[in-house]
Visitor: 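Sharing a structure with you now.
Please read these numbers as outputs of a predicted model, since none were measured by experiment. Each chain gets a letter, A, B and so on, in the order the sequences are listed, and its residues count up from 1.
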2 protein chains.
Amino acid sequence: MIKRPTIADVAQAAGVSPQTVSRAINNKGEISAETKERIMEIARQLGFRPSNIARSLVKQQTTTIGIVIPDITNPFFSEIVRGVEDLAHLHSYNVFLCNTDEVPERELSSIDSLLEKQVDGVILCSSRLEEVELASKLKEFPFAVLINREIEEIPEKVRVISFDDRLGMCMAVTHLVQRGHRHIAFLAGPERSRSGQKRLSGYYSCLKDNGISIDPGLVNFCEPSFEGGLHTLQKLLDAHPEVTAVLCYNDLVAIGAIREILTRNLSIPADLSVIGFDDIPMAALVHPPLTTLRMPKREVGIIAMKILIDLVEGNHPTEYNKIFLPELIIRGSTN
Amino acid sequence: MIKRPTIADVAQAAGVSPQTVSRAINNKGEISAETKERIMEIARQLGFRPSNIARSLVKQQTTTIGIVIPDITNPFFSEIVRGVEDLAHLHSYNVFLCNTDEVPERELSSIDSLLEKQVDGVILCSSRLEEVELASKLKEFPFAVLINREIEEIPEKVRVISFDDRLGMCMAVTHLVQRGHRHIAFLAGPERSRSGQKRLSGYYSCLKDNGISIDPGLVNFCEPSFEGGLHTLQKLLDAHPEVTAVLCYNDLVAIGAIREILTRNLSIPADLSVIGFDDIPMAALVHPPLTTLRMPKREVGIIAMKILIDLVEGNHPTEYNKIFLPELIIRGSTN
DNA sequence: CTGTTAGCGCCTTCAT
DNA sequence: ATGAAGGCGCTAACAG
């Protein structure tokens with residue numbers, strides 16, 4: 001490979017000092033328009049590109065951020081990442097992407113690599129780190145935004161963005177109760193999932209608020225997948241044929257539930273209503289189209305990045321520890 | 001923020017020279033085991049982290065690569081990216097993610113930012129740049145891998161990975177012909193899509209090989225979306241009721257086609273067979289489950305990254321300009 | 001408006 | 001086995 005030209009090469013070719021070239025390429029005012037023109041032209045001819053690496057070393061700023069998520073193939077996270085990258089690109093930041101598969105070791109090593117790369121900030125989604133470990137890593141970053149993960153003490157340079165899972169669940173329950181449902185099952189996802197726990201608590205409290213007696217047998221934990229929804233509903237319906245509506249931990253579980261219901265030659269929503277969570281693209285395309293709670297995923301990504309940029313660039317972030325509200329999208333799977 | 005400790009700080013605390021610390025953290029042999037131990041312990045206490053920025057400036061290597069794709073929310077690309085990041089992480093590389101939305105200006109500015117960040121290499125997916133522009137940018141990277149995009153002259157430091165779209169289409173056509181279909185429609189996707197063109201040419205040549213007369217009216221271009229499939233098939237079926245099978249540009253188009261067919265109270269596959277392309281996760285979950293051509297997306301990502309690492313690290317890459325073959329996944333939408 | 005000096009944190013090279 | 005000098009490409013700070 002041919003060595004890329006440096007600022008010094010341009011300077012020599014233009015017969016000026018390196019500093020003058022620096023001023024030209026950085027649009028600093030203190031330079032005559034014509035020398036600047038001339039230098040830029042020479043730089044172009046030489047194919048000069050400023051080295052962000054060298055610049056970063058001096059400024060101790062990399063215009064780079066990291067985003068850490070469980071899995072980019074999960075549409076929930078890819079939407080968030082898209083929002084993040086859109087705003088990053090608009091502000092000339094670059095984004096390091098790290099997948100963790102919810103494996104704490106991989107999350108830790110990814111975080112360490114971002115630290116060594118000296119990112120200006122990091123966005124952590126659904127972190128599975130323990131409280132102490134998380135707090136300790138957070139300290140090492142200049143700034144951080146947490147999405148979908150609470151911590152006990154929020155350091156000054158950290159912001160937290162979350163979804164109001166309890167409210168979302170309550171909107172779903174209310175929707176069903178208003179339509180006359182009294183036996184509402186809940187396929188609750190993995191038992192240790194934090195958002196699952198919040199949704200479960202919303203389920204219980206909202207049923208209570210509506211004066212509906214609680215039957216713990218109507219709640220089943222399950223894998224957060226199509227198969228998880230299908231198999232778990234199978235067992236649940238066998239044991240509880242009185243059920244007329246099924247709430248689901250996420251859309252994939254809901255789509256599995258739909259399949260199980262149709263397999264039994266029951267009809268949706270006439271015999272059984274189904275509600276999902278997340279509003280992934282698939283939700284609108286299955287048959288019947290799925291009523292679900294839309295989480296504003298891309299918006300969350302955009303806001304997270306906006307906050308991070310404000311933090312990095314020393315502006316006063318307008319947004320603090322935002323809580324996003326889900327929106328009930330009523331489609332064909334509920335009556 | 002507290003200034004992070006440098007190699008010099010550790011050196012001072014340990015009463016040795018910076019160089020010795022460097023040797024310790026880099027596992028160079030020329031250092032006694034005990035001083036190394038001692039230095040590492042002190043480094044740990046101080047919370048020292050090597051600066052990859054400074055290191056990159058010296059070595060002119062960043063252990064960073066870039067991947068440029070149209071849209072991370074498209075499951076086709078998120079799978080590829082996942083494969084790339086998995087292998088990158090395994091080899092301690094970090095990955096810059098850039099979305100282009102197929103807008104050449106955004107692709108160009110993303111590429112420029114990667115160049116300034118001095119990535120060790122880049123992976124370009126489905127690039128929409130013109131031949132000349134692409135060739136010119138490619139020259140600036142140390143190494144590059146192209147996925148799903150041909151170029152006329154392949155520079156020495158560039159590798160090309162593609163999918164055999166023609167073969168895939170031929171597998172689909174043959175599958176249908178063997179089952180007795182003679183009137184096979186093709187919802188061909190956007191007219192300017194390169195993979196669409198390859199599939200179309202496969203469609204024509206394979207029909208010909210099977211001695212089936214070609215009716216250009218059975219080919220309709222369409223948006224590569226659910227709605228595109230639905231609306232285009234609507235028009236096509238109105239004009240050509242003799243059709244008994246529908247090939248689709250991708251799975252989304254196929255799922256739209258399925259919806260249109262079911263809306264007409266026709267049954268699948270009894271009245272009409274449908275085949276998609278890509279095998280996105282949704283394909284297996286719709287009803288009926290979609291017969292489709294699986295592209296080994298994650299594997300492609302892994303291989304692309306493997307080749308890139310080999311290139312960067314000066315190994316002789318075992319793989320050259322690989323062509324991946326699709327696999328026909330037969331499910332319920334064909335008889 | 002332009003140039004000079006120094007240093008960002010680390011590694012390469014050569015000495016000791 | 002350890003240390004000293006120099007430089008990677010750039011910009012901040014100061015001088016002129």
Visitor: Taking CG from A:Asn52 and C1' from C:dC8, how many angstroms apart are they, rounded to a whole number?
Guide: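 It is 14 Å, rounded to the nearest whole Å.
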Visitor: Within this structure, what is the CZ-to-C1' distance between A:Phe48 and D:dC10, rounded to whole angstrom?
Guide: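 Between C1' of D:dC10 and CZ of A:Phe48: 9 Å.
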Visitor: Just the rounded figure in Å: distance from C1' of C:dG7 to NZ of A:Lys59.
Guide: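 That distance rounds to 15 Å.
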Visitor: Students often mix this up, so state it plainly: with edges at 30° and 60°, are the rings of A:Phe163 and A:Phe324 parallel, tilted or perpendicular?
Guide: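 Because their plane-to-plane angle lies in the 30° to 60° range, the rings of A:Phe163 and A:Phe324 count as tilted.
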Visitor: Classify the nucleic acid contact of A:Leu57 as base, sugar-phosphate or nothing, counting any heavy atom under 4.0 Å across all strands shown.
Guide: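 Base, at least one base atom sits under 4.0 Å.
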Visitor: Output the rounded distance in Å from CZ (B:Arg49) to P (C:dC8).
Guide: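 Taking CZ of B:Arg49 and P of C:dC8, I get 21 Å after rounding.
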Visitor: Considering just the side-chain nitrogens and oxygens of A:Gln60, establish if one lies under 4.0 Å of OP1 or OP2 belonging to C:dG9.
Guide: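 It does, given that an N or O in the side chain of A:Gln60 lies less than 4.0 Å from OP1 or OP2 of C:dG9.
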Visitor: In whole angstrom, give the distance that lies between atom CG of B:Asn26 and atom C1' of C:dT12.
Guide: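 Rounded to the whole Å, the gap is 12 Å.
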Visitor: Ignoring backbone atoms, establish whether B:Thr20 has a side-chain N or O less than 4.0 Å from OP1 or OP2 of D:dG3.
Guide: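 Yes, such a contact exists.
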Visitor: Whether B:Arg49 and A:Asp112 form a salt bridge (side-chain N of Lys/Arg under 4.0 Å from carboxylate O of Asp/Glu) is what I want to check.
Guide: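 Answer for the salt bridge query: yes.
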Visitor: To the side chain of A:Lys28, which of D:dA4, D:dA12, C:dG3 is closest?
Guide: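 Out of D:dA4, D:dA12, C:dG3, the nucleotide with an atom closest to A:Lys28's side chain is D:dA12.
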Visitor: Please check if the number of heavy atoms outside B:Glu37 that lie under 6.0 Å from its CD is greater than 12.
Guide: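 No.
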Visitor: Decide if atom CD of B:Gln60 counts as having more than 12 heavy atoms of other residues, nucleotides or ligands within a radius under 6.0 Å.
Guide: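 Yes - once you tally the heavy atoms of other residues, nucleotides and ligands closer than 6.0 Å, there are more than 12.
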Visitor: Does B:Ser56 place a side-chain N or O at less than 4.0 Å from the phosphate oxygens OP1/OP2 of C:dC10?
Guide: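 Checking B:Ser56 against C:dC10: no side-chain N or O falls below 4.0 Å of OP1 or OP2.
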Visitor: CZ of B:Arg55 versus C1' of D:dG9: gap in Å, rounded?
Guide: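 Taking atom C1' of D:dG9 as the reference, CZ of B:Arg55 is at 18 Å.
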Visitor: Using distance alone, with no hydrogens and no angle criterion, decide if A:Gln118 and B:Ser51 have a side-chain donor and acceptor under 3.5 Å apart.
Guide: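 Checked: A:Gln118/B:Ser51 side chains pair up, N/O donor to acceptor below 3.5 Å.
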Visitor: Expressed as a whole number of angstroms, how long is the span from B:Ile31:CD1 to D:dA1:P?
Guide: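 Result: 9 Å.
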Visitor: Can you identify which nucleotide, out of C:dG9, D:dA13, C:dC11, has its nearest atom closest to the A:Gln19 side chain?
Guide: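 Selected nucleotide: D:dA13.
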Visitor: Respond yes when some side-chain nitrogen or oxygen of B:Thr6 is under 4.0 Å from OP1 or OP2 of C:dG9, and no when none is.
Guide: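 No, B:Thr6 has no side-chain N/O under 4.0 Å of OP1/OP2 on C:dG9.
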Visitor: Phosphate oxygens OP1/OP2 of D:dG9: is one of them under 4.0 Å from a side-chain N or O of A:Ser51?
Guide: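 Checking A:Ser51 against D:dG9: no side-chain N or O falls below 4.0 Å of OP1 or OP2.
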Visitor: Has A:Gln118 got a side-chain N or O lying under 4.0 Å from the OP1 or OP2 atom of C:dC8?
Guide: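 Indeed not, no polar side-chain atom of A:Gln118 lies that close.
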Visitor: So what does A:Pro18 touch, heavy atoms closer than 4.0 Å: a base, only the sugar-phosphate, or nothing?
Guide: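 Answer is nothing: A:Pro18 stays at 4.0 Å or more from every strand.
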Visitor: In whole angstroms, how far is the C1' atom of C:dC8 from the CD1 atom of B:Ile7?
Guide: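 So the CD1-C1' distance, B:Ile7 to C:dC8, works out to 13 Å.
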Visitor: Could you tell me whether the side chain of A:Arg23 has a donor or acceptor atom within less than 3.5 Å of a complementary atom in the base of C:dG3?
Guide: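 Looking at the base of C:dG3, it does pair with a donor or acceptor on the side chain of A:Arg23 (distance under 3.5 Å).
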Visitor: For C:dC11, take OP1 and OP2 only and decide whether either is under 4.0 Å from a side-chain N or O of B:Ser22.
Guide: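 The answer is yes; a side-chain N or O of B:Ser22 sits under 4.0 Å from OP1 or OP2.
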